[in-house]
Protein chains: 2
Amino acid sequence: MSPVLTQRKIASAAVTLIQSRGYRALTMSALAEQLGVSASALYNHVGSKRDIMILIQDRVNQDIDCSAFESEPWDVALDQWARSYRGVYIRNIPLIPVMAVLPVANSPHTLRMYEKVATGLTRAGWPEPWVVNTIVAVESLVFGSAYDAVAPENIFDPGELSDIAPVFSAAVAHRDLLLDSVPGDDAADAPEVPRAPSPADVAFDVGLRSLLAGFRLALDALHDRAAAD
Amino acid sequence: MSPVLTQRKIASAAVTLIQSRGYRALTMSALAEQLGVSASALYNHVGSKRDIMILIQDRVNQDIDCSAFESEPWDVALDQWARSYRGVYIRNIPLIPVMAVLPVANSPHTLRMYEKVATGLTRAGWPEPWVVNTIVAVESLVFGSAYDAVAPENIFDPGELSDIAPVFSAAVAHRDLLLDSVPGDDAADAPEVPRAPSPADVAFDVGLRSLLAGFRLALDALHDRAAAD
DNA sequence: ACCTGAACACCGTTCAAGT
DNA sequence: ACCTGAACACCGTTCAAGT
């Protein structure tokens, strides 16, 4: 018979709890209750709540879509990866501080994701020393944009202080004029129902497009320099 | 005579406390003790601990250097702003989740910062609807990169799992070959002592340069299109 | 109007005691 | 080896009582 508690079961219960009641409800007590066990029993299988967050993170990262690296050009693949990545972390905001500073050493699924991305970039001709930095830059934009996406819609409304910032206030008021051909933030697992793009989606789109355009220039420059030798 | 407690004094005491003992030590009790007052007294002037974080954030944002927007081309100014911004938030990581989702309405200094940036971009010919999205994209990269900067150095070390990810592991091992002409993460207030650039600094540099290169292309394209009319 | 002191409703974590 | 129940050491916040 299988043991009452395992890291696997704890992680599953945690994900279930989060999906039904959100991260705020993820306490050691609630998690133990969900598993029909006392809170202290959890500490026979994990060292801390942070360990549980790490288990969740490795599980959640499996939902990030890396498939494009097998078939598409590197920039298209990076674009799709980044959008899927952002979608996942918009739904898992409290994981961002964990994922962003977490050594990858004990997260097999996360490592598999990086392997796919690194392979795609390498095959496309990116020099080895650039690969990780390119990945990190995209991830940084993704994490920051995920935060922005969960901010209140009126985050830049200057309110009563618009006198202080007239130029900025006008720019905020006209921000929405850019909602033309921007893809919505449809998640990897719900492509049937693409929501209308929010201002945050537009900002991410602008940033990601520009970043990728810059990457293309950088890669071309690297190849030109290499060809000159 | 001035009152015993004000929002201003609370914010000052909080900043002092953080500088001497770090964010972990910022509790309502410790803050009250620093002010020679009981913890419950604080609630006569702020609604919650989050309110105090907001006060801190508006104060900390004054340290971000926006001066380049008055004299330099927009892309150079954006570059300097982003680097200073990142330096400040590397030292104030717990403010990131606050700042990223916080309505700007009651943060006068933050609003002044945005006004300088928006003015600089507008004067340089950026169309009004693009201004906020450009700012948000840079900020997103900055926040994500700040997290990356406080991660352990060996964050991408695959450890025992390097079999799973050979290509990625090789890329991680050769990541440091890019530390040539990258500026260190010297903060705005300590330019005398530029530390050697870390891998995180390099990744941010790569990302920011690429993002700005992409922005230049986008702006040129916008102007070309406008000129064709 | 504003401060005190006690209390409340939580947290994550530890540990002796059981089986 | 693993679980229970009680306890510990904190949190942020509330509120009657004082002045």
Side-chain angles (χ1 to χ4, degrees), chain A residues 1-59 92-99 101-102 106, chain B residues 1-59 92-99 101-102 106:
Chain A
M1 56 172 275
S2 61
V4 183
L5 238 45
T6 63
Q7 285 203 347
R8 190 186 210 94
K9 288 183 181 180
I10 292 173
S12 295
V15 169
T16 304
L17 187 61
I18 289 162
Q19 275 166 354
S20 62
R21 303 210 285 131
Y23 274 92
R24 271 198 47 202
L26 180 68
T27 66
M28 298 302 272
S29 312
L31 183 54
E33 191 184 20
Q34 169 114 353
L35 287 158
V37 104
S38 80
S40 53
L42 296 169
Y43 290 87
N44 289 310
H45 301 89
V46 295
S48 65
K49 185 179 179 180
R50 179 148 206 276
D51 285 358
I52 296 177
M53 295 294 275
I54 293 171
L55 295 175
I56 298 170
Q57 166 261 347
D58 197 40
R59 189 167 284 235
N92 294 276
I93 291 288
L95 284 184
I96 292 179
V98 178
M99 172 70 179
V101 306
L102 182 72
N106 289 95
Chain B
M1 53 173 275
S2 61
V4 183
L5 238 45
T6 63
Q7 285 204 345
R8 190 187 210 94
K9 288 183 181 179
I10 292 173
S12 295
V15 169
T16 303
L17 186 61
I18 289 162
Q19 274 165 355
S20 62
R21 303 209 286 131
Y23 275 93
R24 273 198 45 201
L26 180 67
T27 67
M28 297 303 273
S29 313
L31 184 54
E33 191 185 22
Q34 170 113 355
L35 287 157
V37 104
S38 81
S40 52
L42 296 169
Y43 290 88
N44 289 309
H45 300 89
V46 295
S48 66
K49 185 179 178 181
R50 178 146 207 276
D51 285 358
I52 296 177
M53 295 294 274
I54 293 172
L55 294 175
I56 298 169
Q57 166 262 347
D58 197 41
R59 190 166 281 234
N92 293 277
I93 291 287
L95 284 184
I96 293 179
V98 178
M99 172 69 178
V101 306
L102 183 72
N106 288 95

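Remember, it's a predicted structure, so these values are computed and weren't measured experimentally. Protein chains get the first letters and strands the later ones, always in sequence-line order, with residue 1 at the start of each.
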Checklist entry - For B:I10, which of B:V37, B:L31, B:V15 qualifies under side-chain contact (heavy atoms from CB on, under 4.5 Å)? => result B:L31
Please table the atom pairs, donor to acceptor, closer than 3.5 Å between any side-chain atom in residues 48-57 of chain B and protein atoms at least two apart or in another chain.
residue: B:S48; atom: OG; partner: B:R50; partner atom: N; Å: 3.4
residue: B:S48; atom: OG; partner: B:D51; partner atom: N; Å: 3.4
residue: B:K49; atom: NZ; partner: B:L26; partner atom: O; Å: 2.7
residue: B:D51; atom: OD2; partner: B:G47; partner atom: N; Å: 2.9
residue: B:Q57; atom: OE1; partner: B:S107; partner atom: OG; Å: 3.3
residue: B:Q57; atom: NE2; partner: B:T110; partner atom: OG1; Å: 3.1

Atom pairs, protein N/O to nucleotides 10-14 of chain D N/O, distance under 3.5 Å:
residue: D:dG12; atom: OP1; partner: B:K49; partner atom: NZ; Å: 2.9
residue: D:dG12; atom: OP2; partner: B:M28; partner atom: N; Å: 3.0
residue: D:dT13; atom: OP2; partner: B:Y43; partner atom: OH; Å: 2.6
residue: D:dT13; atom: OP2; partner: B:K49; partner atom: N; Å: 2.9
residue: D:dT13; atom: O5'; partner: B:Y43; partner atom: OH; Å: 3.2

Checklist outcome for this item: Between A:I93 and A:P97, the two heavy atoms sitting closest are O-CD, 3.6 Å
Item to check | Minimum heavy-atom distance between A:A25 and A:L17, given as atom pair plus value | outcome: O-CD2, 3.8 Å
Checklist entry - Is it true that a side-chain atom of A:H45 and a backbone atom of A:L5 form a donor plus acceptor pair closer than 3.5 Å? => result yes
Checklist entry - CD of B:Q7 versus C1' of C:dC2: gap in Å, rounded? => result 15 Å
Item to check | All pairs passing side chain to side chain donor-acceptor pair (under 3.5 Å) where residues 24-36 of chain A contributes a residue, at least two apart | outcome: none
Item to check | All side-chain contact (heavy atoms from CB on, under 4.5 Å) counterparts of A:S38, not counting sequence neighbours | outcome: A:S40, A:A41
Checklist entry - Closer than 4.0 Å, any side-chain N/O of A:H45 to the OP1 or OP2 of D:dC3? => result yes
Checklist outcome for this item: Base-pair string, DNA chain C, Watson-Crick plus G-U, cut-off 3.5 Å on both distances, | for inter-strand, is ||.|||||...|||||.||
Next on the checklist: I need the NZ-C1' distance between B:K9 and C:dC3, as an integer number of Å.
Outcome noted: 14 Å
Checklist entry - Separation of B:N44 atom CG from D:dT19 atom P, in whole Å? => result 17 Å
Item to check | With sequence neighbours excluded, residues passing side-chain hydrogen bond (donor to acceptor under 3.5 Å, both in side chains) with B:N92 | outcome: B:Y23
